[in-house]
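Working notes, structure below.
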Amino acid sequence: MSSIFSKIISKQIPADILYEDDLCMAFRDINPQAPTHFLVIPKKEIQSMADLTADDQAIVGQCLIVAAQVALEEGLANGYRLIANTLEDGGQEVPHLHFHILGGRKLNWPPG
Ligand code: 5GP
């Protein structure tokens with residue numbers, strides 16, 4: 001199922017893109033929940049964590065490495081949180097796998 005993120009990947013709608021390669025893309029969240037809040041997504045249309053297969057190993061690995069690199073570039077050397085909201089109970093709204101990276105303030109635990 002295509003989502004708004006497919007339109008960001010194809011540049012049909014704009015986003016503040018921080019990083020892009022053949023496998024993934026990082027861009028700022030339009031509704032930031034912390035001083036720094038960006039998303040890392042695979043370019044492949046994968047709906048959620050629940051849809052991952054062993055074939056996606058390289059994609060997910062690259063997404064996490066990009067998340068760590070962009071976090072440092074964004075000045076999050078003191079730490080950050082990486083979250084993948086998954087399906088209904090996880091509070092996932094956009095049905096395209098994405099990793100939230102939040103930082104720039106002390107984050108509470110546990111999340112709601
Ligand atoms: P979810 O609740 O699915 O884990 O998070 C989806 C995230 O995508 C939300 O934080 C929301 O603000 C962000 N988002 C939704 N639509 C857009 C958009 O068009 N552009 C950008 N940059 N972020 C979006």
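As the structure lists them, so they are numbered: ligands from 1, and atoms in each ligand from 1.
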Check whether the ring centres of His98 and His96 lie less than 6.0 Å apart, and answer yes or no.
-> no
Who are the side-chain hydrogen bond (donor to acceptor under 3.5 Å, both in side chains) partners of Ser3, not counting sequence neighbours?
-> none
Asp22 CG: over 12 foreign heavy atoms closer than 6.0 Å | no
Would one find more than 12 heavy atoms of other residues, nucleotides or ligands at under 6.0 Å from atom CD of Gln12?
-> yes
d(Ile41 CD1, Ile8 CD1) to nearest 0.5 Å is 6.5 Å
Could you tell me whether Phe38 and Tyr80 have their ring centroids closer than 6.0 angstrom?
-> no
Please tabulate, line by line, the atom pairs linking an N/O of ligand 1 to a protein N/O at a distance below 3.5 Å, with the distance in Å to 0.1, or answer 'none'.
from: ligand 1; atom 1: 2 (O); to: Gly91; atom 2: O; distance (Å): 3.2
from: ligand 1; atom 1: 2 (O); to: Glu93; atom 2: N; distance (Å): 3.4
from: ligand 1; atom 1: 3 (O); to: Glu93; atom 2: N; distance (Å): 2.7
from: ligand 1; atom 1: 3 (O); to: Val94; atom 2: N; distance (Å): 2.9
from: ligand 1; atom 1: 3 (O); to: His98; atom 2: NE2; distance (Å): 3.0
from: ligand 1; atom 1: 4 (O); to: Asn85; atom 2: ND2; distance (Å): 2.9
from: ligand 1; atom 1: 4 (O); to: His98; atom 2: NE2; distance (Å): 2.7
from: ligand 1; atom 1: 4 (O); to: His100; atom 2: NE2; distance (Å): 2.8
from: ligand 1; atom 1: 5 (O); to: His98; atom 2: NE2; distance (Å): 3.2
from: ligand 1; atom 1: 5 (O); to: His100; atom 2: NE2; distance (Å): 3.2
from: ligand 1; atom 1: 10 (O); to: Asp29; atom 2: OD1; distance (Å): 3.2
from: ligand 1; atom 1: 10 (O); to: Asp29; atom 2: OD2; distance (Å): 2.5
from: ligand 1; atom 1: 12 (O); to: Asp29; atom 2: OD1; distance (Å): 2.5
from: ligand 1; atom 1: 22 (N); to: Arg28; atom 2: O; distance (Å): 2.9
from: ligand 1; atom 1: 22 (N); to: Ile30; atom 2: N; distance (Å): 3.4
from: ligand 1; atom 1: 23 (N); to: Ile30; atom 2: N; distance (Å): 3.3

